[in-house]
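Okay, so here's the structure we're looking at.
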Amino acid sequence: MKTDIFLYNSLTRQKEKFVPMSEGKVGIYVCGPTVYNHSHIGHGKSYVSFDAIVRFFRFVGYKVFYVQNITDVGHLTDNADEGDDKIEKEARKDRVDPMEIVETFMRSYFEDMDRLGVVRPDISPRATGHIVEQIELAKALVTAGYAYEAGGNVYFDVAKFPEYGRLSGKKVDDLIAGARIDVRSEKHNPADFAIWKKAEAGHIMRWPSPWGDGFPGWHLECSAMSMKYLGQTFDIHGGGLDNQFPHHECEIAQSEAATGKPFVRYWLHNNMVTVNGTKMSKSLGNFVTLKDAFARFDPTTIRFFILQSHYRSPLDYSNGAVEGAGKGLERLKNVIRQLKELGADPMAETDFDRLPEEPVNLRRYYSEWLGAMADDFNTPAAIAVLFEMLKDVNTLIGSGAPMPAGGATLLYGFIRTLAGDVLGIIPSEAGGGAGRKDIEMDLVNLLIKMRADARKGRDFKLADSIRTELQNIGVILEDKKDGTTTYKVEK
RNA sequence: GGCGACGUACCCAAGUGGUAAGGGAGAGGUCUGCAAAACCUUUAUGCGGCGGUUCGAAUCCGCCCGUCGCCUCCA
């Protein structure tokens with residue numbers, strides 16, 4: 001391992017040194033989306049954050065097994081016990097099969113994540129694909145006396161699990177005191193939550209079970225699937241802070257009651273996104289979808305914006321803030337472009353064990369970057385280190401001093417690895433002159449040549465006209481010091 | 001009402017006991033036919049307010065003010 005990693009464990013409310021269960025390996029489960037709508041900027045923050053975390057673990061040398069579920073049944077509109085199934089509700093509205101809704105939005109989700117540069121999980125298990133496992137878990141809980149059946153529903157008996165509330169810092173008594181009027185008298189205790197729901201007549205998504213036709217409760221899937229793929233006890237469970245209670249609390253209760261073993265060793269929770277200062281939520285209807293954001297900003301800019309604040313800090317989304325981030329990112333991209341022009345070999349591997357201190361002190365910058373990331377994945381601090389390094393690189397390039405042999409390649413590889421491979425904030429076509437191909441590229445180059453001729457003849461009126469007209473269709477020309485002109489395509 | 005976070009320059013945002021990172025914007029400069037872009041320099045004696053602990057606090061403690069979140073679906 002390149003370094004020890006310290007992370008903030010929600011369970012103990014303090015930073016702890018990460019010690020894996022199995023040397024060199026780490027198992028991570030992150031709560032995935034319920035696929036009944038397009039993903040919003042909050043999903044973006046959550047999955048980009050965990051993507052950076054996973055990438056960093058891999059960079060440091062861990063073999064990571066990353067599981068992230070897709071919720072395609074059981075998530076109700078009101079809470080774990082009441083309301084319609086979110087997916088089934090959408091399906092009714094559109095008069096389609098629920099699985100069509102699932103398919104549509106699951107694809108939409110992956111499409112958005114791909115654009116954000118989120119590396120796909122190793123497994124994306126779906127709740128409907130694990131009904132058997134969920135029924136088995138429910139049966140085990142009933143058998144062990146932790147759950148009971150009532151009218152075709154199965155509830156977890158919170159009173160039997162004294163640890164309930166530990167993760168979120170809540171007391172069952174307080175919950176009961178603050179609970180809404182309990183209309184379901186069949187529950188032993190108002191705080192009990194459903195692990196299996198009876199399917200009423202007309203309910204589309206249903207499966208046979210020992211308690212009659214029904215469907216699994218939302219919390220149950222994460223227990224069943226995480227333990228199936230990662231074991232009864234595993235290293236890291238992540239998710240949004242809003243799921244800490246009740247979702248994760250319920251997962252712990254179900255899992256530990258069933259196995260008698262600790263469920264998760266480190267809990268990681270990312271903070272929420274607000275929009276112009278207020279919370280974004282589906283019920284308020286003020287959420288910004290990622291597709292909305294992409295219509296305005298480059299996905300890499302969104303990713304950069306997200307990683308410029310800490311995953312445990314709230315993030316306020318506003319056009320101005322993202323624009324500012326985008327301009328900062330341009331500097332990074334520009335350096336990449338310049339290093340390419342200086343002949344950097346993009347394929348060369350970087351040896352991080354043998355970094356030079358001259359002419360840029362890469363050894364020091366690497367050490368600082370690594371320290372920031374290892375300290376609870378402090379991506380904003382890590383990015384700041386990269387920008388400090390950028391200043392040195394720019395000074396070096398601007399000084400006109402000869403670049404040492406392999407210098408451009410080394411600097412390029414350094415940035416490429418830390419900013420690109422780990423943080424994912426360098427788009428794959430970074431710094432390339434062209435954003436379009438073939439004939440369009442040739443046409444632009446033709447116009448550039450015509451403009452160069454006009455300038456040579458001091459016909460600045462024509463030259464400026466060409467520049468302006470190109471700008472009007474989104475092609476920005478930039479005259480270089482050596483007399484050449486490059487262009488970039490505006491998003 | 002219960003629980004928990006947070007409040008750092010014009011904006012965004014690191015920093016959890018040793019004397020304020022980074023980005024944007026602004027200002028000055030280099031370059032340029034001009035422009036754009038790029039690059040360089042610069043911008044908080046102070047970290048919501050008032051007390052306290054300490055040789056020393058943005059960092060710890062107390063109170064107050066303000067914002068946000070969870071307690072009901074949400075990443």
Side-chain angles (χ1 to χ4, degrees), chain A residues 13 15 30-34 37 39-50 75-84 86 165 168-171 173-175 177-180 218 238-247 269-274 277-284 287 304-305 308-316 318 320-332 334-335 337-338 368 372 375 378-388 390-391 393-395 397-399 455 458-461 463-464 467-468 471 476-481 483 486-488:
Chain A
R13 292 169 225 281
K15 273 186 199 171
V30 173
C31 287
T34 301
N37 208 335
S39 303
H40 53 66
I41 194 76
H43 294 104
K45 173 171 164 73
S46 185
Y47 300 121
V48 163
S49 297
F50 285 109
H75 198 165
L76 306 187
T77 50
D78 294 339
N79 59 43
D81 305 336
E82 303 291 335
D84 298 328
K86 292 179 181 219
S168 53
K170 298 189 184 305
K171 297 185 182 73
D173 289 346
D174 293 342
L175 291 171
R180 296 160 302 143
W218 173 42
L241 197 54
D242 52 347
N243 273 337
Q244 188 174 47
F245 185 90
H247 187 56
H269 288 99
N270 66 276
N271 217 314
M272 302 290 98
V273 172
T274 53
T278 44
K279 192 207 172 189
M280 179 171 60
S281 78
K282 286 170 186 173
S283 55
L284 289 177
F287 59 91
F304 180 72
F305 172 68
Q308 250 195 329
S309 81
H310 190 83
Y311 79 93
R312 283 195 290 114
S313 298
L315 177 67
D316 189 46
S318 66
V322 181
E323 275 163 22
K327 286 178 185 171
L329 184 57
E330 282 295 320
R331 294 185 59 201
L332 179 63
N334 185 59
V335 169
R337 180 169 57 182
Q338 286 189 282
E368 289 179 1
D375 181 14
N378 193 335
T379 54
I383 288 170
V385 171
L386 292 177
F387 273 99
E388 282 186 66
L390 246 42
K391 192 178 287 185
V393 175
N394 283 324
T395 302
I397 292 172
S399 72
R455 291 175 74 200
R458 303 197 67 80
D459 184 354
F460 296 122
K461 194 178 170 189
D464 289 352
R467 184 172 64 200
T468 305
Q471 188 174 359
I476 313 295
L477 299 190
E478 292 175 6
D479 294 334
K480 309 292 284 188
K481 274 184 187 172
T486 61
Y487 74 94
K488 63 184 178 183

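Just so it is clear: chains get the letters A, B, ... in the order the sequence lines come, proteins before strands, and each one is counted from 1. Since this is a predicted model, take the numbers as computed values, not measurements.
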| task | Using only heavy-atom distances, decide whether a donor-acceptor pair under 3.5 angstrom links the side-chain of Asp464(A) to the base of G33(B). | result | yes
| request: Using the P atom as the reference point in each nucleotide, state the distance between U72(B) and G49(B) in Å, no decimals. | output: 36 Å
| task | Please figure out whether Asp242(A) or Ala325(A) has its closest RNA chain B nucleotide nearer the 5' end. | result | Ala325(A)
| message | Side chain of Arg467(A) only, heavy atoms from C-beta on: which candidate in A75(B), C34(B), G23(B) is closest? | response | C34(B)
| message | Within the 3.5 Å criterion, strictly below it, is a donor on Asn271(A) or Ser313(A) matched to an acceptor on the partner's side chain? | response | no
| request: Looking at every strand, decide which applies to Phe50(A) at a 4.0 Å heavy-atom threshold: base, sugar-phosphate, or nothing. | output: nothing
| field | Complement of C60(B), any strand, by Watson-Crick or G-U distances under 3.5 angstrom | value | G52(B)
| Once you round it to whole Å, what is the distance between C1' of U72(B) and CZ of Phe245(A)? | 10 Å
| message | Without decimals, in angstroms, what is the distance between Arg13(A) CZ and C70(B) C1'? | response | 12 Å
| task | For Leu241(A) and C70(B), give me the distance from atom CG to atom P, rounded to whole Å. | result | 8 Å
| request: Taking atom C1' in both G15(B) and A9(B), compute the distance separating them and give it to the nearest angstrom. | output: 15 Å
| task | With RNA chain B as reference, determine whether Pro246(A) or Ile383(A) sits nearer its 5' end, using the nearest nucleotide of each. | result | Ile383(A)
| field | Euclidean distance for C1', A25(B) against C68(B) (whole angstrom) | value | 26 Å
| query | When you check every protein heavy atom under 4.0 Å of nucleotides 36-42 of chain B, what one-letter string (B, S, -) results, 5' to 3'? | reply | BSSSSS-
| said: Rounding to an integer number of Å, can you tell me how far Trp218(A) CH2 sits from C73(B) P? | reply: 7 Å
| said: Applying the 5.5 Å / 30° rule, does Phe387(A) stack onto the base of G23(B)? | reply: no
| said: Strictly by Watson-Crick or wobble contacts shorter than 3.5 Å, is anything paired with U72(B), and which nucleotide is it? | reply: none
| field | Rounded interatomic separation in angstrom, taking NE2 from His269(A) and P from A75(B) | value | 13 Å
| message | Need the pair for A5(B). Rule: Watson-Crick or G-U wobble, both distances under 3.5 Å, any strand; none if unpaired. | response | U67(B)
| Sequence-aligned protein contact record of nucleotides 5-21 of chain B, with B where the base is within under 4.0 Å of a protein heavy atom and S where only the sugar-phosphate is | --------SSS-----B
| query | Considering only the C1' atoms, how many Å lie between C39(B) and U19(B), rounded to the nearest integer? | reply | 32 Å
| said: Return the pairing partner of A38(B) with a 3.5 Å limit on both distances, Watson-Crick or G-U wobble; otherwise return none. | reply: U30(B)
| query | If we take the C1' atom in both U42(B) and G23(B), what is their distance in whole Å? | reply | 15 Å
| request: Write down the distance between CZ (Arg458(A)) and C1' (U32(B)), rounded to a whole number of angstrom. | output: 12 Å
| message | Let me confirm one number: the CG-CD distance from Asn394(A) to Gln338(A), rounded to the nearest 0.5 Å. | response | 6.0 Å
| message | If I pick the C1' atom on U43(B) and the same atom on G48(B), what distance separates them, to the nearest angstrom? | response | 22 Å
| Who pairs with G46(B) - Watson-Crick or G-U, where each distance is under 3.5 Å | none
| said: Work out how far the C1' atom of G7(B) is from that of C47(B), and round it to whole angstrom. | reply: 10 Å
